[in-house]
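One-based numbering along the sequence shown.
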Amino acid sequence: MTIIQSGSKLGRRPTPRTVGSQYQSLIMMLLISLLLLGGIGFRLFYLQLVQGEQNRQLAENNRIRLIPKQPVRGTIFDRKGKILASSRLSHSVFVWPIAPKKPNWLQTRARLAEILDIPEEEIQKRVEEAGEDLLERMRVARGLTPAQITALKEFSQELEGVEVDIEHVRHYPNKQLAAHVLGYTGELTAEELARRRQEGYRLGDIAGKMGVEASFEKNLRGEWGGKQVEVNGAGKVLRVLGEKRAKAGKDVNLTIDLELQKAAEAALGRRKGAVVALDPNDGSVLALVSYPSFDPNIFSSRITPETWKQLQGEGNPFVNRALRGFPPASTFKVVTATAGMESGKYSPNTVLNTYAYLNVGGTRFGEWNRAGFGPMGFVRALAWSSNTFFGQIGRGVGGPTLIEWSRRYGFGEKTGIELPEEVPGLIADDAWKQKRFNWEWTVGDTVNMSIGQGFTQATPLQVAVMFAVPANGGYRVKPHLLKNDALPEQWRESLNLKPSTVQILQQGLRQVVASGTGGALRVPHLPPVSGKSGTAEAPPGRPHAWFGAYAPADKPEIVVVAFAEHSGGGGGSVAAPIVRQVMESYFKKTSK
């Protein structure tokens, strides 16, 4: 007899409540596993398909970096092939975009600021302007000193993501010489970069900010290159994935003569003013000087706000006075004489009496010698710069005719020289005066204009263009700095002057030096010189001094204009000696 023990599993009969209970745990485990696998699968699906491209990009950013290579900027030469601006090697410090994301960034930033003597806020601002999506390194400072380079190496363990590299920076071997012609270069600000991104500019780009550097930016700039590299977790380069060579900028040859530029700057000295020398036959600018000046090399490293403020306070050294407007004074009588003879109202043989003053509408326009010169013709009136003679000519032809000839000579508009700082000057008329002062043009305005005073504003470069007209026989030239092989005819246009007008102008300007107010240029070691002086009233300051001249008188090769701002004294005594020094250098002779 078999005995079945109670409680034995073998002997237990299944009931509706116990059927399948042995599989419940297994089923629960399967359900949990399916839920987990489903969640993981869904997450993988989301990461790989929905966010796949973004995550791949994040992984790639941590593994691949861009090391940009800035192009070497083109060299600027003078007309004889002498270097005016080139490039030199310099050390710069960069920060990789991953560095600010590190936990120790604040310590890194503080150390970097200490070594470079740059406020931490300035470094942080550069980082924020660069943005979080930047793949390439950002420049923090240029032109490092040897001491800074050494310090950066010594503290390299504390400077994670900071790198020192060598790059080309602009170099001006002659320092301040021709600074207003050459201009300077500098790193684009955030605002400038935003405006010029469509032109292909990028973070850290260096561009021309003034002068020729700005005007010929497209030629000088070149094209960026660089490397795409793979790095490990420590940031070390494992391999180069791709490389594009930087393309150097094109060289630019100018019409400037380095030696004549030196002579012109020496002649002007520390007088506030300008000197312009050009070829009257084709408008080639041989020298262009403005003082005070500056050393463009200072922009090859960091400019502090204090340095910039100091530079701006020293007589406005960044103002190119050769391209700014001033009252041209008696040099303008060349235009008045032209208007008189070309109008038909005054023949070349006209003789007028001169007086101590002209009374026009109750206003007295005085003669500079306070007595008058008696009867005079155009030639002698130019030689002695009679105000009352040319006041009568201006009054006779009338304002519209005088204004027309002023503009035909190029006054009141830019000459077209390749410098962005040029201003048009001012030739006022009735419409301008009505708009500005709500007052009509008067005869007194015309008389004032006829002697280069009143509202008239002319740049030293415009005055040089004016003197080129009688020098070359009646052509208005377009001054230019870019040297090329174009024929002179392509740089000038005829004013269609009567031969008799040109002849009288040439005779009168020659007599200025031979027997009149330009005696400072009446020296035996120079060829015959023609010219004209000018002394401009400029209240409340002292008068401006002008002198413009060309030589040789019979076959001119050079025009020189000197302008001394608020110098006091007359044009013949202050500005003429400056012109003489430049002429002496050009003709390779020295004063005895």
Side-chain angles (χ1 to χ4, degrees), residues 57 61 65-71 73 87 90-102 105-106 108-144 148 152 159 161-165 167-170 183-211 213-218 220-226 246 249 294 296-312 318 420-421:
Q57 189 65 44
N61 290 353
R65 294 181 181 176
L66 298 176
I67 303 178
K69 183 70 174 178
Q70 200 166 38
R73 198 168 176 85
S87 298
S90 177
H91 287 81
S92 298
V93 61
F94 300 86
V95 172
W96 283 102
I98 197 170
K101 302 174 185 177
K102 297 286 186 179
W105 167 242
L106 293 181
T108 299
R109 188 182 69 185
R111 179 64 73 184
L112 196 58
E114 179 186 357
I115 294 173
L116 300 176
D117 193 23
I118 296 177
E120 289 189 53
E121 296 77 13
E122 186 174 325
I123 297 175
Q124 187 62 36
K125 182 180 178 182
R126 293 182 69 85
V127 170
E128 292 171 357
E129 288 175 346
E132 296 181 355
D133 299 329
L134 186 70
L135 297 179
E136 60 192 68
R137 60 190 185 174
M138 66 196 86
R139 185 192 299 109
V140 175
R142 297 192 296 159
L144 301 183
Q148 289 173 328
L152 288 168
L159 300 172
V162 176
E163 185 174 283
V164 176
D165 203 352
E167 61 178 351
H168 287 89
V169 298
R170 208 56 166 159
Y184 63 91
T185 63
E187 186 173 338
L188 293 177
T189 64
E191 294 77 14
E192 291 170 333
L193 182 60
R195 293 195 305 267
R196 304 186 73 169
R197 277 194 184 278
Q198 60 182 3
E199 301 175 43
Y201 286 87
R202 57 197 295 170
L203 183 72
D205 235 333
I206 305 297
K209 297 290 189 81
M210 178 182 170
E213 294 281 21
S215 301
F216 297 109
E217 169 69 10
K218 290 183 179 178
L220 294 165
R221 178 187 174 201
E223 296 179 10
W224 278 77
F294 62 95
N297 287 300
I298 63 177
F299 295 96
S300 293
S301 57
R302 177 175 174 266
I303 299 292
T304 65
E306 293 77 19
T307 301
W308 182 253
K309 184 177 180 181
Q310 181 181 359
L311 285 170
Q312 292 283 35
F318 296 100
E421 298 81 27

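Of all non-hydrogen atoms in Val162 and Val93, the two that sit nearest each other are CG1-CG2, 3.6 Å. The nearest pair of heavy atoms linking Ser90 to Val169 is CB-CG2, 3.6 Å. Between Ala207 and Leu188, the shortest heavy-atom contact is CB-CD2, 3.7 Å. Between Ile118 and Ala141, the shortest heavy-atom contact is CD1-CB, 4.0 Å. Nearest heavy-atom pair across Glu192 and Thr189 is OE1-N, 2.9 Å. The heavy-atom pair separating Glu120 from Leu106 by the smallest distance is OE1-O, 4.3 Å.
Phe94 pairs by the ring pair (Phe, Tyr, Trp, His ring centres under 6.0 Å) definition with nothing, not counting sequence neighbours.
Within the model, atoms CD of Glu421 and CZ of Phe318 stand 11.5 Å from one another, a figure rounded to the nearest 0.5 Å. Annotation: the span from Lys209 atom NZ to Glu213 atom CD amounts to 12.0 Å, rounded to 0.5 Å. Note that the CD1 atom of Ile206 and the CZ atom of Arg142 stand 3.5 Å from one another [nearest 0.5 Å]. For the atom pair CD1 of Ile115 and CG of Leu144, the computed distance is 10.0 Å after rounding to the nearest 0.5 Å. Expressed to the nearest 0.5 Å, how far CZ of Arg196 lies from CD of Glu199 amounts to 5.0 Å. With rounding to the nearest 0.5 Å, the separation of CZ in Arg109 from CG in Leu159 is 13.5 Å.
Between the side chain of Thr185 and the backbone N or O of Gly208, no donor-acceptor pair lies under 3.5 Å. In this structure a side-chain-to-backbone donor-acceptor pair under 3.5 Å is missing from Arg197 to Arg202.
A cation-pi arrangement is absent between Arg221 and Phe216, since the terminal nitrogen or guanidinium carbon is not both under 6.0 Å from the aromatic centre and inside a 45° cone about the axis.
A salt bridge (Lys or Arg N to Asp or Glu O under 4.0 Å) with Arg73 is found for exactly one of Glu167, Glu223, Glu217, namely Glu217.
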Would Val127 and Met138 count as a side-chain contact (heavy atoms from CB on, under 4.5 Å) here? Give the steps. CA-CA 8 Å; Val127 170; Met138 66 196 86; 3.9 Å; yes

Show your reasoning for whether side-chain contact (heavy atoms from CB on, under 4.5 Å) applies to Phe299 and Met210. CA-CA 12 Å; Phe299 295 96; Met210 178 182 170; over 6 Å; no

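Remark: Asp117 CG is loosely packed, at most 12 non-hydrogen atoms of other residues, nucleotides or ligands lying under 6.0 Å away.
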